[in-house]
Amino acid sequence: MNSATRVVLSLVMTLTGLTATVAVAPSAFAACVVAEVHYTTPNKGRKVWIPTSTFSDWKKGGKIVRTESDGESTAKTTGSVHEVSVKGKVGAKYGPIGAEVTTEYNTTWSQSTRRTTSVTRGWQYHFYVPDDALYRARAYKLGWVYKYQRIVTYINPCDNLVEWRYGVAPVAQNKGTYYWALEKFTKKGDLRYDNL
């Protein structure tokens with residue numbers, strides 16, 4: 001049967017409602033099956049100030065004075081994972097950091113970091129606010145930002161997936177690890193490196 005006859009026959013089968021089955025080799029559309037995901041932390045990174053959940057309202061000009069004497073405020077800090085941007089800097093937020101990453105980092109570099117930390121205490125702060133933009137006072141927690149590798153291996157013959165990411169994790173210690181600073185609206189949620 002020549003190719004023209006096959007095309008006509010296929011068209012007739014389609015028009016009459018008949019179904020033709022095409023056999024495809026199983027490996028042609030096989031999905032990659034994950035065997036293992038592991039992490040390496042070859043980079044110690046550097047110290048960083050991580051924004052916490054304790055901050056004032058936004059203000060333009062004047063001053064911010066806050067004293068919590070009636071109750072205490074809880075400053076929560078959450079570690080996160082960031083994608084690597086083209087310039088190698090910390091890019092867009094990707095998601096929460098995993099226990100595997102902090103464990104690997106702490107073991108490799110003899111650090112004591114956690115995925116999340118919190119401290120409850122009375123806070124007091126007093127800031128003069130510039131009038132060029134919106135600012136707020138915010139508590140920051142000391143932590144580490146470091147580059148790490150996520151490696152995915154597969155059972156079937158697929159190429160390993162190797163990704164570079166940045167991990168940000170607060171230190172476990174609470175004493176002497178907090179910093180109050182003015183946060184500019186255009187930089188809200190950013191990491192800081194003041195005096196580190």
K.L.:
Carefully, step by step, assess V65 and K63 under the rule side-chain contact (heavy atoms from CB on, under 4.5 Å).
P.N.:
CA-CA 6 Å; V65 178; K63 60 183 178 179; 4.3 Å; yes

K.L.:
On a heavy-atom basis, which atom in Y135 and which in A133 lie closest, and how many Å separate them?
P.N.:
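So the two residues come closest at CD1-O, 3.2 Å.
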
K.L.:
Starting at NZ of K47, measure out to CG of N195 and round the result to the nearest 0.5 Å.
P.N.:
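Output value for this atom pair is 12.0 Å.
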
K.L.:
For residues A169 and T102, report the shortest heavy-atom separation together with the two atoms involved.
P.N.:
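Smallest interatomic distance, heavy atoms only, reads CB-CG2, 4.1 Å.
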
K.L.:
With the side chain counted from C-beta on, respond yes when W144 and K44 share a heavy-atom pair under 4.5 Å apart, and no when they do not.
P.N.:
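Yes; the side chains approach each other to less than 4.5 Å.
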
K.L.:
Between Y193 and V48, is a side-chain contact (heavy atoms from CB on, under 4.5 Å) present by the stated rule, with each step listed?
P.N.:
CA-CA 5 Å; Y193 300 93; V48 67; 3.6 Å; yes

K.L.:
If you group Ile, Leu, Val, Met, Phe, Trp and Tyr by side-chain heavy-atom gaps below 4.5 Å, do Y125 and V129 land in one group?
P.N.:
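Yes, because Y125 and V129 connect within a single hydrophobic cluster, where side-chain heavy atoms sit under 4.5 Å apart.
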
K.L.:
Out of V34, N160, D159, which one pairs with V152 under the side-chain contact (heavy atoms from CB on, under 4.5 Å) rule?
P.N.:
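Going through V34, N160, D159 one by one, the side-chain contact (heavy atoms from CB on, under 4.5 Å) with V152 is satisfied by V34 alone.
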
K.L.:
Please name the pair of heavy atoms, one in T40 and one in Y148, separated by the smallest distance, quoted to 0.1 Å.
P.N.:
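Shortest heavy-atom contact: O-CB, 3.3 Å.
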
K.L.:
List in chain and number order the residues that pass ring-ring contact (aromatic ring centres under 6.0 Å, His included) with Y146, two or more places apart in sequence or in another chain; answer none if no residue qualifies.
P.N.:
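Listed in chain order: Y105.
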
K.L.:
Side-chain donor-acceptor contacts of residues 180-192 below 3.5 Å, not counting sequence neighbours, with atom names and distances?
P.N.:
from: E183; atom 1: OE1; to: R136; atom 2: NE; distance (Å): 2.7
from: E183; atom 1: OE1; to: R136; atom 2: NH2; distance (Å): 3.2
from: E183; atom 1: OE1; to: R138; atom 2: NH1; distance (Å): 3.2
from: E183; atom 1: OE2; to: R138; atom 2: NH1; distance (Å): 3.1
from: E183; atom 1: OE2; to: G189; atom 2: N; distance (Å): 2.7
from: R192; atom 1: NE; to: D194; atom 2: OD2; distance (Å): 3.2
from: R192; atom 1: NH1; to: L182; atom 2: O; distance (Å): 2.7
from: R192; atom 1: NH2; to: D194; atom 2: OD2; distance (Å): 2.9

K.L.:
Using every non-hydrogen atom in the two residues, find where I64 and A137 come nearest and quote the distance to one decimal.
P.N.:
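Here I64 and A137 meet closest at CD1-N, 3.8 Å.
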
K.L.:
State, yes or no, whether a side-chain contact exists between R115 and T78 at a heavy-atom distance under 4.5 Å.
P.N.:
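SC-SC contact between R115 and T78 ruled out.
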
K.L.:
With side-chain contact (heavy atoms from CB on, under 4.5 Å) as the test, would you mind laying out the steps for K141 and V171 before giving the verdict?
P.N.:
CA-CA 8 Å; K141 174 77 183 277; V171 296; 3.9 Å; yes

K.L.:
Can you name the one residue among T52, T120, T54 that meets side-chain hydrogen bond (donor to acceptor under 3.5 Å, both in side chains) with T74?
P.N.:
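Exactly one option meets the side-chain hydrogen bond (donor to acceptor under 3.5 Å, both in side chains) with T74, and it is T120.
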
K.L.:
Judged by atom type as modelled, is there a donor-acceptor pair below 3.5 Å linking the side chain of Q173 to the main-chain atoms of K175?
P.N.:
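Side chain of Q173 to backbone of K175, a donor-acceptor pair under 3.5 Å: yes, one is there.
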
K.L.:
Once you round to the nearest 0.5 Å, how far does CG of N106 lie from OG1 of T113?
P.N.:
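The CG atom of N106 sits 3.5 Å away from the OG1 atom of T113.
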
K.L.:
State plainly whether one hydrophobic cluster holds both L142 and W109, where clusters connect Ile, Leu, Val, Met, Phe, Trp and Tyr through side-chain heavy atoms under 4.5 angstrom apart.
P.N.:
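Cluster IDs for L142 and W109 match.
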
K.L.:
Show the nearest heavy-atom pair for residues Y178 and T117, with the distance to one decimal.
P.N.:
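Residues Y178 and T117, closest heavy atoms: OH-OG1, 4.4 Å.
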
K.L.:
Applying ring-ring contact (aromatic ring centres under 6.0 Å, His included), can you list everything that pairs with F55, at least two apart in sequence or on another chain?
P.N.:
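F55 satisfies ring-ring contact (aromatic ring centres under 6.0 Å, His included) with no residue once adjacent residues are dropped.
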
K.L.:
Does K76 reach the side chain of T116, with side-chain heavy atoms less than 4.5 Å apart?
P.N.:
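Not in contact.
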
K.L.:
Please determine if K147 forms a cation-pi arrangement with W164, meaning its NZ or CZ atom is less than 6.0 Å from the six-membered ring centre and no more than 45° off the ring axis.
P.N.:
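Output yes; distance and angle both within limits.
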
K.L.:
Okay, side chain of D131, backbone of K60: is any donor-acceptor separation there less than 3.5 Å?
P.N.:
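Pair absent, no side-chain N/O of D131 close to backbone of K60.
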
K.L.:
Does L161 form a side-chain contact (heavy atoms from CB on, under 4.5 Å) with R150? I'd like the steps, not just the answer.
P.N.:
CA-CA 8 Å; L161 173 65; R150 178 178 180 265; 4.1 Å; yes

K.L.:
From the options N43, T103, T41, select the one residue that forms a side-chain contact (heavy atoms from CB on, under 4.5 Å) with T108.
P.N.:
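Answer to the side-chain contact (heavy atoms from CB on, under 4.5 Å) test with T108 among N43, T103, T41: T41.
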
